[in-house]
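I have placed the structure first, in the form of structure tokens, so that the comments after it can refer back to it.
Model, not experiment: these values are computed from the prediction. Along the sequence shown, the residues carry numbers beginning at 1.
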Amino acid sequence: MRRRLIAAALLAGAVSAACGTDKEPPGPPEPSARRTVRGDGAELLHRAGGRASAQNPAYSPDGKSLLFTVFHDGYNDGDASLRVLPLDGGPAPWPRTLLADEGQAAVNLPGSSWRASAGVAFASDRAGRDEIWVLKPGGQPVRVTAHTGGSGYIEPSFSPRGDWIVFEESEESKEGADALGSLWKVRPDGSGLVRLLDGPATRTDNRQPNWSPRGDRLVFQRRARGVDSWALYVMNADGTGVRRLTKGAGEHTDASWSPDGAHVVFSSTAGGLDLPKIFVIPAGGGRPLRVTSERDTYDGAPSWSPDGRWIAFESHTGDEDRPTSLWRVPAPRR
């Protein structure tokens, strides 16, 4: 998942309709197109159609729905809104809009962005700059952070109990290998804001933090300033004990946890791949195991289902930033 910004409204069965209007998705596909399975066993869950790009899948706490972001003008391009796709096994499930604001972006992080009691954590520029927001079941979006300066607050994820949110502070004036991102945590009511990793001080770019199921660790991606490739790191939830998780060459991104906390799923070009595939690695380190193997596809932004059976991810053919669809693949036995 290349990062972007954010917005949402539907949970508790559906978090109930919220503000704004959305470009409604077209109707369900014809019956003959309802099930598509790739050669590696991955099955299609949703294709947005046209120029719209379905990205960043994140499972609901009960595993019966999938939260995701739709960019309306292509991969990471144009207005964006949040939608929820039912996974109840019924014929041709079709997503419902969670939150949309005309002319703005709404983007969730794969992994732990949805908690049963706390709602959905997301980032949004709906108030003029990129901030962290929460949408509770049956409620309206509530702003969590309010900051000044030229940075953006993005890519939030919840702690297991929903009492903390970890997120990235990005330098919006800098791009690529010159960017230096910091990681923070905050209470959902906006209190207790504390910086866990200082990107400028350490000359590192730190992104996409995801909380472990036990709440004691965070996984994230990092690169040093001037370096193009990303590696995965794990640290304690208080910002101490930073250690590198991935050791080999390649681009390692989009990390989140297995439901038992024993493994991390991520997107990677490990082994000299031209295009990223989905991998898993023991949380204590070790050799990555490749999960997807379809030729000529980009596979990224994975999330593990709460029952441990599936890994959902985004995918498109080729190496261009074209619209992605949502897929799932059986999780490896561990």
- Message: Does Arg295 have more than 12 heavy atoms from other residues, nucleotides or ligands lying within 6.0 Å of its CZ?
- Response: no
- Query: Taking the side chain from Arg35 and the backbone from Val37, do they hold a donor-acceptor pair closer than 3.5 Å?
  - Reply: no
- Examine Arg222 relative to Tyr233 and say whether NZ or CZ is less than 6.0 Å from the centre of the six-membered ring and inside a 45° cone about the ring axis. yes
- Task: Go through the steps to decide whether Ile281 and Val264 satisfy the test side-chain contact (heavy atoms from CB on, under 4.5 Å), and finish with yes or no.
- Result: CA-CA 5 Å; Ile281 188 173; Val264 168; 4.0 Å; yes
- Task: Could you tell me the separation between the CG atom of Leu85 and the NE2 atom of His46, rounded to the nearest 0.5 Å?
- Result: 6.5 Å
- Task: Would you indicate whether Arg47, at its atom CZ, is surrounded by more than 12 heavy atoms from other residues, nucleotides or ligands within a distance under 6.0 Å?
- Result: no
- Message: Is it the case that over 12 heavy atoms from other parts of the model lie below 6.0 angstrom from the CZ atom of Arg161?
- Response: no
- Let me see the working for Thr240 and Met235 under side-chain contact (heavy atoms from CB on, under 4.5 Å), right down to the final yes or no. CA-CA 6 Å; Thr240 63; Met235 68 178 177; over 6 Å; no
- Excluding sequence neighbours, so at least two apart, what forms side chain to side chain contact (heavy atoms under 4.5 Å, CB included) with Thr148? none
- Message: Tell me whether Asp254 contacts the main-chain N or O of Ser267 through its side chain, where contact means a donor paired with an acceptor under 3.5 Å.
- Response: no
- Task: Take atom CZ of Arg203 as the centre, draw a 6.0 Å sphere, and report whether it contains more than 12 heavy atoms from other residues, nucleotides or ligands.
- Result: no
- Note on the structure: Residue set satisfying side-chain hydrogen bond (donor to acceptor under 3.5 Å, both in side chains) with Ser315, at least two apart, ordered chain then number -> Arg38, Asp299
- With side chains defined as the heavy atoms from C-beta onward, is the minimum distance between Leu326 and Leu66 less than 4.5 Å? yes
- Looking at Ser293, Pro302, Ser268, Pro332, which one forms a side-chain contact (heavy atoms from CB on, under 4.5 Å) with Ile278? Pro302
- Side-chain donor or acceptor of Gln208 paired with backbone N/O of Gln221 under 3.5 Å: no
- Message: Looking only at side-chain N and O atoms, does His147 offer a donor or acceptor that is under 3.5 Å from a partner on Glu131?
- Response: yes
- Item | Residues forming a side chain to side chain contact (heavy atoms under 4.5 Å, CB included) with Thr269, sequence neighbours excluded | Glu251, Leu273, Pro276
- Query: Hey, does Ser117 have a side-chain heavy atom less than 4.5 Å from the side chain of Lys136?
  - Reply: no
- Item | Charged N-O contact under 4.0 Å between Glu155 and Arg207 | no
- Message: The criterion is side chain to side chain contact (heavy atoms under 4.5 Å, CB included); which residues satisfy it with Ser159, sequence neighbours excluded?
- Response: Asp163, Trp164, Trp211
- Message: Would you say Glu169 and Ser151 are linked by a side-chain donor-acceptor pair, where the criterion is simply a distance under 3.5 Å?
- Response: yes
- Message: Count I, L, V, M, F, W, Y as connected when their side-chain heavy atoms are under 4.5 Å apart, and connections chain through other members. Are Val265 and Trp257 then in the same cluster?
- Response: no
- Quick one: do Val186 and Tyr153 end up in the same hydrophobic cluster if we chain Ile, Leu, Val, Met, Phe, Trp and Tyr together by side-chain heavy atoms under 4.5 Å apart? yes
- Are Trp230 and Leu232 co-members of a hydrophobic cluster defined by side-chain heavy atoms under 4.5 Å apart? no
- Item | Qualifying residues under side chain to side chain contact (heavy atoms under 4.5 Å, CB included), relative to Asp216, sequence neighbours excluded | Ser212, Arg214
- Before giving the answer on side-chain contact (heavy atoms from CB on, under 4.5 Å), spell out for Ser325 and Leu44 the whole-Å C-alpha distance, their side-chain angles and the decisive distance to 0.1 Å. CA-CA 8 Å; Ser325 301; Leu44 178 66; 3.8 Å; yes
- Query: With sequence neighbours left out, which residue pairs that include part of residues 57-68 fulfil the side chain to side chain donor-acceptor pair (under 3.5 Å) condition?
  - Reply: Ser60-Asp62
- Message: Tell me if a side-chain donor or acceptor on Lys277 pairs with a main-chain N or O of Gly300 at a distance below 3.5 Å.
- Response: no
- Kindly indicate, with the supporting measurements, whether the criterion side-chain contact (heavy atoms from CB on, under 4.5 Å) is fulfilled by Asn56 and Phe68. CA-CA 5 Å; Asn56 308 345; Phe68 66 100; 5.7 Å; no
- Query: Can you tell me if Ser157 uses its side chain to pair, donor with acceptor, with the backbone of Pro209 under 3.5 Å?
  - Reply: yes
- Please work out whether the ring planes of Phe122 and Trp133 are parallel, tilted or perpendicular, with thresholds of 30° and 60°. parallel
- For residues Tyr75 and Glu320, is any side-chain donor paired with an opposing acceptor at under 3.5 Å? no
- With the side chain counted from C-beta on, respond yes when Thr36 and Glu43 share a heavy-atom pair under 4.5 Å apart, and no when they do not. no
- Item | side chain to side chain donor-acceptor pair (under 3.5 Å) between Thr69 and Asn108, intermediate numbers included | CA-CA 6 Å; Thr69 298; Asn108 67 284; 2.7 Å; yes
- Query: Within a strict 4.5 Å, meaning less than it, do heavy atoms of the Leu275 and Thr297 side chains meet?
  - Reply: no
- Message: Any heavy-atom pair between the side chains of Phe167 and Ile154 that's under 4.5 Å?
- Response: no
- Query: So Thr202 and Asp198, side chain to side chain donor-acceptor pair (under 3.5 Å) or not? Walk me through it.
  - Reply: CA-CA 6 Å; Thr202 58; Asp198 189 333; 5.9 Å; no
- Query: Any chance the side chains of Asn76 and Gln55 put a donor and an acceptor closer than 3.5 Å?
  - Reply: yes
- Short question: side chain of Ser256, backbone of Pro110 - any donor-acceptor pair under 3.5 Å? no
- Task: Kindly say whether Asp189 contributes a backbone atom to a donor-acceptor pair with the side chain of Arg187 at under 3.5 angstrom?
- Result: no
- Query: Is any side-chain heavy atom of Phe158 closer than 4.5 Å to a side-chain heavy atom of Val134?
  - Reply: yes
- Task: Return yes if some donor-acceptor pair links the side-chain N/O of Asp40 with the main-chain N/O of Glu294 below 3.5 Å, else return no.
- Result: yes
- Query: Would you say Leu196 and Ile165 are hydrophobically clustered, going by side-chain heavy atoms of ILVMFWY under 4.5 Å?
  - Reply: no
- Message: Any heavy-atom pair between the side chains of Leu135 and Val142 that's under 4.5 Å?
- Response: no
- Query: Is the side chain of Thr324 donor-acceptor paired with the backbone N or O of Glu314 at a distance under 3.5 Å, no angle test?
  - Reply: no
- Query: Are Phe266 and Pro288 side-chain neighbours, meaning at least one heavy-atom pair lies under 4.5 Å?
  - Reply: yes
- Query: Can you check whether Pro259's main-chain N or O pairs, donor with acceptor, with His263's side chain at less than 3.5 Å?
  - Reply: no
